[in-house]
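Comments concern the structure below.
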Amino acid sequence: MTDLLPPAAIMIVGALLLPLIPSRARPWAALALPVASAAHLLALPMGHAMQLSLFGYDLQPVRVDGLSLVFGTIFHIAAILAGIYALHVRSATQHVAGMIYAGAAIGAVFAGDLLTLFVYWELTAISSVFLIWARGTERANRAGMRYLIVQIGSGVALLAGSILHLSDSGSLAFGSMSPSSPGTWLIFLAFGIKCAFPLLHNWLQDAYPEATVTGTVFLSAFTTKLAIYAMARGFPGTEILIPLGVVMAAFPIFYAAIEDDLRRVLAYSLNNQLGFMLIGVGIGTPLALNGTAAHAFCHILYKSLLFMSMGAVLHRTGTIKGSQLGGLYKSMPWTTLFCIVGSLSIAGFPLFSGFISKSMIVTATTEAQLLLPFLALLFATAGAFHHIDIKVPFFAFFAKDAGIRCKEAPWNMLLAMAIAAFLCVAVALPPGTNMLYAMLPHAPVDYAAYTPTHVWTQLQILLFSALAFSVLLRSGIYPLPLRSTNLDTDWLYRRLAPSIVRRALARGASVQSELGAAGARRLEALRAGVHRRYGPEGVFARTWATGSAVLWVVLLLAVILALYYF
Amino acid sequence: MGRSAAEKKRWLDDPRHVTWIYRGVWILCGLSVLADRSYDKHGHYPFEEWLGFHGWYGFLCCVLLALTAGLLRRLVRRDEDYYD
């Protein structure tokens with residue numbers, strides 16, 4: 001019986017029923033959904049698939065295999081953590097949107113065909129935008145609309161690509177492809193938009209920091225990692241992903257370094273982490289793909305944890321600007337501790353989750369003899385630690401005491417952060433003793449993470465990165481958070497394109513008014529002419545003699561006759 | 001949690017302690033370089049086996065990043081309400 005129920009069903013159908021539940025019980029009911037859904041997933045056997053024939057096309061709405069199971073598992077964990085974190089929220093919109101969004105992402109990773117994938121793909125876009133709009137500010141409304149346009153655009157590209165792919169190959173099955181035909185290129189682009197490819201990335205930094213405190217925690221987990229899953233499923237070993245991933249791993253750090261909004265710093269950092277994963281997909285070896293899946297898993301845990309800690313700061317202080325915060329460790333010691341655990345995990349400190357998964361991808365680059373990507377990843381490791389992982393906790397909780405005194409985060413936020421922090425440490429156990437590494441798609445995972453070389457070199461790079469932070473800070477060279485808006489590619493569609501359109505419209509309006517004036521002059525001239533000829537005094541108004549009229553008619557007939565004759 | 005002027009002074013409020021931490025980071029970095037000699041370092045590329053390679057490479061990256069980010073800021077920084 002449970003086999004007939006798709007993994008997404010409990011969460012999506014359940015979420016739609018949430019408004020019927022009294023508001024006090026609603027957050028708990030919302031939390032029960034991913035728990036029930038996780039139990040259902042555990043009951044599904046590996047290799048389980050559901051087949052369906054629709055209009056003569058073979059569809060596979062459910063496919064449970066190694067890759068989908070890793071992402072399906074972490075999506076459930078993320079939904080449970082976000083559910084706990086949101087227990088204090090009364091708004092039905094946020095609970096419904098959050099759980100439909102998580103359910104749709106879960107449905108998408110278990111989709112075996114492109115049509116099912118498309119349906120869930122669009123559902124993640126439509127449901128998640130409400131987490132941004134729920135903030136209720138004009139700024140969030142506009143950011144949400146921009147986000148929705150980009151996300152729907154990705155869905156349209158996916159649909160168009162799938163249709164072209166169907167006419168090329170005759171199949172809608174979602175398996176390994178290569179970007180070689182217009183159809184597969186469109187699918188690649190659709191995934192790339194949600195992966196936040198370079199120059200297509202800015203929807204992420206634009207929208208995520210504008211969502212609600214709890215909404216950003218949901219958002220950070222699903223959309224981009226669904227895209228990484230889709231890329232790993234559809235385009236493993238596609239070499240162009242390596243340079244794209246390198247740019248993504250390195251470039252966002254420059255922006256993170258000068259950004260004031262700490263949740264936006266984390267959004268840039270998310271982009272940087274996606275770069276690591278895309279490099280893994282691009283290399284496409286079993287080690288690289290395992291590394292990507294493991295890194296996505298760890299990443300969701302520590303990124304949720306970091307967004308939760310910054311959300312708690314925003315919730316308690318009302319601001320998340322690095323330039324206005326500082327010294328919060330005095331008021332929020334637990335949040336500080338959990339944030340530091342998140343930072344050490346994302347940095348890949350030994351004994352914290354990122355250490356193993358990140359070094360799997362870095363090792364995969366060396367095994368594939370990719371020197372430049374290897375150096376770029378070391379650069380990204382050092383730079384991200386310096387400009388993101390130290391920066392976020394330092395300017396929020398330490399730095400100069402901004403004098404803000406507030407309460408510690410609510411209990412449910414602390415509980416969600418504590419569980420996430422615990423998991424960040426738990427998945428850092430050596431592969432072999434670690435559940436995560438037992439479930440990776442390419443088994444068995446034979447990777448020795450805790451060798452002296454790995455441990456010491458990683459410690460060294462991070463310690464020197466911390467040293468650079470301290471030296472630059474003390475010498476005044478460090479770019480401190482300043483109140484600002486930093487122009488990124490969103491400038492193109494928020495400023496440049498609207499100004500071009502406005503100018504074109506203004507030009508159009510002036511042309512129209514000129515045309516209008518000229519037209520009015522001509523109309524007047526025409527009217528005067530008609531009046532002159534047909535008016536009471538006009539030439540056509542005169543009475544003609546019968547004889548001359550007959551003469552004219554005969555003449556006209558003669559002309560017609562002559563024309564016919566020739 | 002104290003919220004008045006009589007709030008108790010924390011360990012980190014003393015600038016001398018911050019200096020201790022700063023020196024501690026230097027010492028840890030020094031130790032991590034010395035540790036390079038204490039084990040058999042297996043680098044994939046020969047340069048990885050240079051003494052303290054990961055340390056000074058990481059340090060240089062961070063400094064370059066900070067300087068470049070400073071230049072980037074001059075280029076892209078606008079008022080907080082630029083888009084409003």
Side-chain angles (χ1 to χ4, degrees), chain A residues 138-139 142 253-258 260 321 329-331 363 366-367 369 371 374-375 378-383 385-387 398 401 405 407-408 451-453 456-472 474 477-479 482-488 490-491 494-495, chain B residues 1-4 7-8 10 12-13 18-19 21-33 35-36 38-45 47-49 52-84:
Chain A
E138 176 61 24
R139 205 181 157 93
R142 285 191 287 179
I253 307 173
F254 292 90
Y255 269 94
I258 54 172
D260 187 21
K321 298 285 169 72
Y329 78 95
K330 295 174 183 172
S331 305
T363 305
T366 58
E367 286 188 358
Q369 308 287 354
L371 176 61
F374 169 69
L375 289 174
L378 287 192
F379 168 84
T381 302
F385 186 55
H386 180 132
H387 287 289
F398 302 99
D401 191 341
R405 295 294 178 267
K407 285 201 280 187
E408 176 59 281
T451 63
T453 306
W456 278 112
T457 53
Q458 183 71 3
L459 271 179
Q460 201 176 67
I461 198 166
L462 295 178
L463 283 171
F464 273 84
S465 175
L467 179 68
F469 182 85
S470 338
V471 169
L472 292 175
R474 283 177 89 94
I477 298 171
Y478 188 86
L482 298 174
R483 299 184 129 194
S484 61
T485 296
N486 295 317
L487 306 184
D488 199 336
D490 58 345
W491 180 80
R494 292 174 75 179
R495 267 298 158 98
Chain B
M1 193 140 304
R3 283 169 218 187
S4 61
E7 187 179 356
K8 73 170 174 178
R10 305 295 187 108
L12 275 175
D13 286 338
V18 178
T19 309
I21 294 177
Y22 177 63
R23 289 186 188 144
V25 176
W26 273 103
I27 293 169
L28 284 174
C29 287
L31 288 176
S32 77
V33 172
D36 268 6
S38 70
Y39 65 96
D40 193 12
K41 200 174 178 182
H42 294 288
H44 186 85
Y45 298 104
F47 58 78
E48 282 187 83
E49 292 173 16
F53 165 76
H54 290 79
W56 58 258
Y57 180 76
F59 188 89
L60 280 180
C61 286
C62 288
V63 173
L64 275 177
L65 233 162
L67 296 176
T68 322
L71 294 176
L72 179 71
R73 173 175 264 170
R74 284 193 199 170
L75 200 68
V76 300
R77 184 176 176 206
R78 297 292 183 276
D79 283 342
E80 218 170 0
D81 53 0
Y82 176 73
Y83 286 118
D84 296 337

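Letters A, B, ... mirror the listed sequences (proteins, then strands); counts begin at 1. In this text, all values refer to a predicted model and were calculated from it rather than measured experimentally. Values below: every heavy atom of this structure, side chains too, minus hydrogens, waters and symmetry copies.
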How are the rings of A:F464 and B:F59 set relative to one another: parallel (under 30°), tilted (30 to 60°) or perpendicular (over 60°)?
perpendicular
For A:L371, is it the side chain, the backbone, both or neither that has a heavy atom under 4.5 Å from a heavy atom of chain B?
both
Flag the one option from A:A380, A:A382, A:A468 with the top tally of heavy-atom pairs under 4.5 Å to chain B.
A:A468
Okay, A:F398 and chain B: the region with an atom under 4.5 Å from a heavy atom over there is side chain
Could you tell me which portion of A:Q369 (side chain, backbone, both or neither) has an atom closer than 4.5 angstrom to a non-hydrogen atom of chain B?
both
Partners passing ring-ring contact (aromatic ring centres under 6.0 Å, His included) against B:F53 (at least two apart in sequence or in another chain)
B:F47, B:W56, B:Y57
Interface residue of largest heavy-atom contact number with chain B, from A:H386, A:R474, A:R139, under 4.5 Å
A:R474
Which atoms of A:D490 approach chain B - backbone, side chain, both or neither, heavy atom under 4.5 Å:
both
Does any backbone or side-chain atom of A:F469 lie under 4.5 Å from a heavy atom of chain B? Answer side chain, backbone, both or neither.
neither
Within 6.0 Å of CZ in A:R483, more than 12 heavy atoms from elsewhere
no
Checking A:Y478 against chain B: side chain, backbone, both or neither under 4.5 Å from a heavy atom?
neither
Which bit of A:I253 comes within less than 4.5 Å of chain B, counting heavy atoms only: side chain, backbone, both or neither?
both
Which one, A:S465, A:S484, A:P479, leads in non-hydrogen pairs under 4.5 Å with chain B?
A:S484
Residue pairs involving residues 65-84 of chain B (criterion ring pair (Phe, Tyr, Trp, His ring centres under 6.0 Å); sequence neighbours excluded):
none
For the backbone of B:H42 and the side chain of A:T453, can you confirm whether one donor and one acceptor N or O come within less than 3.5 Å of each other?
yes
Side chain proximity check, B:K41 to A:T457, heavy atoms < 4.5 angstrom:
yes
